[in-house]
Amino acid sequence: MADITLTLPDGAERVVPRGTTGAEVAAAIGPGLAKAALAIRVDGEEQDLSRAIDDDASIEIVTVRSPGALELIRHDAAHVMAQAVQELYPGTQITFGPATEDGFYYDFVRDEPFSPEDFERIEARMREIVARDLPIVREEWEPEQAIEYFKGIGETYKAEWVAEIAKRGEPISVYRQGDKWLDLCLGPHLPSTGKLPKAFKLMKVAGAYWRGDSRNEMLQRIYGTAWSNEKELADYLHRLEEAERRDHRRLGREMDLFHLQEEAVGSVFWHPKGWTLYLTVENYIRDRLAATGYVEVKTPMLVDRVLWEQSGHWEKFADAMFTAHPRSAEARKSEGERVLAIKPMNCPCHVQIFRQGIKSYRDLPLRMAEFGSCHRFEPSGALHGIMRVRAFTQDDAHIFCTEDQITSETAAFCELLLGVYRDFGFTDVVVKFSDRPATRAGSDEIWDRAEAALRDAVAAVGLETILNPGEGAFYGPKLEFVLRDAIGRDWQCGTLQVDFVLPERLDASYVGEDGGRHRPVMLHRAILGSFERFIGILIEQYAGAFPLWLAPVQVVIATITNDGDAYAREVADTLSVAGLRCVLDLSNEKIGYKVRHHSLAKVPVILAIGRREAEERTVAMRRLGSSAQESLALEDVRARLKAEAQAPSKTATGE
RNA sequence: GCCGGCGUAGCUCAGUCGGUAGAGCAACUGAUUUGUAAUCAGUGGGUCGUGGGUUCGAUUCCUGCCGCCGGCACCA
């Protein structure tokens with residue numbers, strides 16, 4: 001048997017007999033490493049320690065501290081949980097159980113529902129299985145053998161899955177965990193259950209469709225989290241608690257920004273403070289659009305269904321649309337029973353404006369923006385605070401352009417978007433590139449061109465994207481700009497979609513240089529996406545403690561004794577005239593109470609005024625989050641706060 | 001929409017093994033004139049999500065519906 005050469009991460013080489021296992025290599029390097037070893041990476045590919053290595057390779061022993069170790073641990077935790085559940089609840093079937101971003105889940109089939117009360121029992125059994133230190137051994141089975149075995153023990157889902165894998169011609173690998181339990185799995189796995197750190201916790205039960213298809217039966221999914229040690233677990237649980245405090249639904253109520261109620265499910269009641277925030281955001285984005293060559297329009301809320309039929313939306317989304325008609329039978333008769341749809345989007349209306357009069361190539365690109373209110377009948381289970389609602393407003397725009405202009409328009413848009421996100425404090429933006437879906441309109445050649453144009457633009461801006469294969473719109477590829485909420489959920493905010501289809505269906509055209517008629521391309525684009533969603537994320541991003549320009553109440557002027565009342569009024573007037581949003585607190589409370597009260601309300605600036613300030617015509621300024629005080633002349637405060645409270649869209653133009 | 005959980009005052013929650021409910025905070029009123037994260041006292045506030053059933057009697061038990069929460073599916 002010939003020897004092979006293994007290269008360690010530090011560059012050292014080891015010559016070992018062909019067929020040496022990862023465990024043996026680890027042991028040869030040192031007993032400490034052998035004990036800590038969880039898996040081995042062979043030429044970058046993670047494998048079981050028990051696998052024989054047959055060729056020269058660069059290797060790395062994976063321990064708890066290795067990057068990627070958590071994924072291994074979580075995957076094993078899923079299996080240990082599955083074993084625990086099957087031991088405790090005989091007759092339960094197992095299906096899939098992968099690692100997730102911060103934990104794992106396993107999907108079970110069982111008539112009785114699991115409840116969180118079961119968790120303690122399952123966790124205890126999991127710890128017991130870890131204590132048993134069961135060896136985890138990989139085997140390769142013949143498909144027939146596996147199908148027969150799983151059918152024999154009543155695991156019909158596993159049997160179905162084996163058949164699927166076999167059809168693809170892939171090997172069937174099975175992992176034994178002890179001598180009584182096994183699971184179909186790709187691996188890799190830890191060498192034994194004893195290697196699994198006991199820093200895991202079951203978190204929630206939920207339904208999930210078999211193989212992610214809503215036509216299939218619903219399974220019971222148990223979610224857990226797992227970490228390499230107790231401290232990491234505790235930190236994680238602590239982070240979750242912190243995140244809960246930032247939840248926009250909670251802050252929206254506590255800060256009196258908005259509310260939702262049963263009589264208008266999925267629609268937001270904006271309170272004065274929330275609406276101030278909303279208008280601040282809207283005015284900011286309006287400035288940005290005006291500065292980058294957009295024109296703003298406003299289109300009807302109620303539009304005859306024939307337009308939606310023409311655009312193709314009726315066919316695909318009719319069930320998700322609201323319709324309206326006059327209450328009076330007489331009116332309905334005279335109107336010819338026409339069905340009006342409450343607009344679910346703005347694009348067909350924008351095309352109607354584009355179609356008024358003859359457009360020349362000189363008019364392109366035409367960037368048409370609208371703060372358009374849309375209504376969609378979102379499935380009840382999808383509603384979530386103000387992040388996913390049935391009535392929302394987008395900072396929507398459609399850029400009518402030539403095919404040659406797609407790249408430059410996209411690049412300009414990406415730059416605008418990133419600048420806007422930066423102004424709101426978002427620097428980590430995930431951008432997904434969604435390419436052609438299986439069912440689509442338009443020729444492959446058109447798709448090639450659209451995708452290439454989009455790719456060029458992204459490259460021009462130096463944007464990193466994640467490919468989201470097959471997730472494009474039916475009419476064109478798209479970019480999705482994704483922000484994350486406090487609880488770790490991702491939300492699409494910005495988007496850019498290249499569309500060759502709607503201009504055709506709605507017959508938009510322009511006269512080209514050649515004097516002939518041509519179809520424009522439409523770029524559907526939004527930066528914030530829905531104001532509702534974006535503001536929800538904004539609330540969580542700042543945990544309600546907004547920078548001065550966004551804060552609904554920017555300054556509280558609080559008196560210490562009522563000797564200062566008259567002067568405090570003057571301060572409030574001065575600042576209000578300067579455009580600052582002020583609240584005057586002359587209430588009969590101690591200054592300590594007022595400071596606490598307004599600090600909890602997350603007001604960025606508190607100006608305290610007592611007898612001394614009134615005499616000297618100064619204020620004592622205190623910023624949120626700091627207990628330091630600064631004594632300033634009234635005129636200085638006015639100038640300073642006014643400058644600081646300018647929206648970034650104003651400061652950039654030097655106003 | 002599907003699976004599971006939940007629904008008592010503005011908020012957070014207690015309570016009733018079936019006899020129409022209570023605390024803290026908030027709010028309001030009064031006293032206090034106060035120097036940077038809670039001054040004291042008093043007052044008001046709930047068809048116990050909603051419809052039906054069982055019962056002498058339901059907020060409590062059963063059930064339909066609505067909403068919310070967590071996932072899944074969906075997201076033009």
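What's counted below: heavy atoms across the whole structure, side chains too, no hydrogens, waters or symmetry copies. The sequence lines fix the lettering, A, B, ..., with proteins before strands; numbering per chain opens at 1. Here the structure is a predicted model, which means the values were calculated and not measured.
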Remember a base hit wins even if backbone is also touched, and classify A:Pro379 as base, sugar-phosphate or nothing at under 4.0 Å, heavy atoms.
-> base
Separation of A:Met218 atom CE from B:C2 atom P, in whole Å?
-> 9 Å
No-H, no-angle donor-acceptor pair, A:Arg533 side chain to B:C75 base, under 3.5 Å | no
Quick one: does A:Arg376 reach the base of B:C75 with a side-chain donor-acceptor pair under 3.5 Å?
-> no
Base, sugar-phosphate, or nothing: which does A:Arg110 touch, judged by heavy atoms less than 4.0 Å apart?
-> nothing
Inter-nucleotide C1' distance (B:G30, B:G44), Å rounded | 14 Å
What is the ring orientation for A:His75 with A:His79, classed by angle as parallel under 30°, tilted 30 to 60°, or perpendicular over 60°?
-> perpendicular
Sticking with atom P, work out how far B:A26 lies from B:U12, rounded to a whole angstrom.
-> 15 Å
Under the criterion side-chain contact (heavy atoms from CB on, under 4.5 Å), which of A:Asp636, A:Val555, A:Leu607, A:Ile606 is the partner of A:Met621?
-> A:Leu607
Rounded to whole angstrom units, what separation is found between the CD atom of A:Glu217 and the C1' atom of B:C72?
-> 13 Å
Is the centre of the A:Phe108 ring less than 6.0 Å from the centre of the A:Phe114 ring?
-> yes
What nucleic acid atoms does A:Lys478 come within less than 4.0 Å of, heavy atoms only: base, sugar-phosphate, or nothing?
-> sugar-phosphate
With the side chain defined as heavy atoms from C-beta on, A:Ala320 is closest, among B:A76, B:C68, B:G70, to B:A76
For residues A:Trp227 and A:Tyr236, establish whether the separation of their ring centroids is below 6.0 Å.
-> yes
Would you call A:Lys201 and A:Glu120 a salt bridge, using N to O less than 4.0 angstrom?
-> no
Contact class for A:Ala558 (heavy atom, under 4.0 Å): base, sugar-phosphate, or nothing?
-> nothing
Out of B:A76, B:U36, B:G71, which nucleotide sits closest to the side chain of A:Arg622?
-> B:U36
Is A:Tyr593 stacked on the base of B:A38 when the test is centres under 5.5 angstrom and planes under 30 degrees?
-> no
Give A:Arg489 one of three labels, base, sugar-phosphate or nothing, depending on what nucleic acid heavy atoms sit under 4.0 Å from its own.
-> sugar-phosphate
Could you check how far NE2 of A:His384 sits from P of B:G1, rounded to whole Å?
-> 18 Å
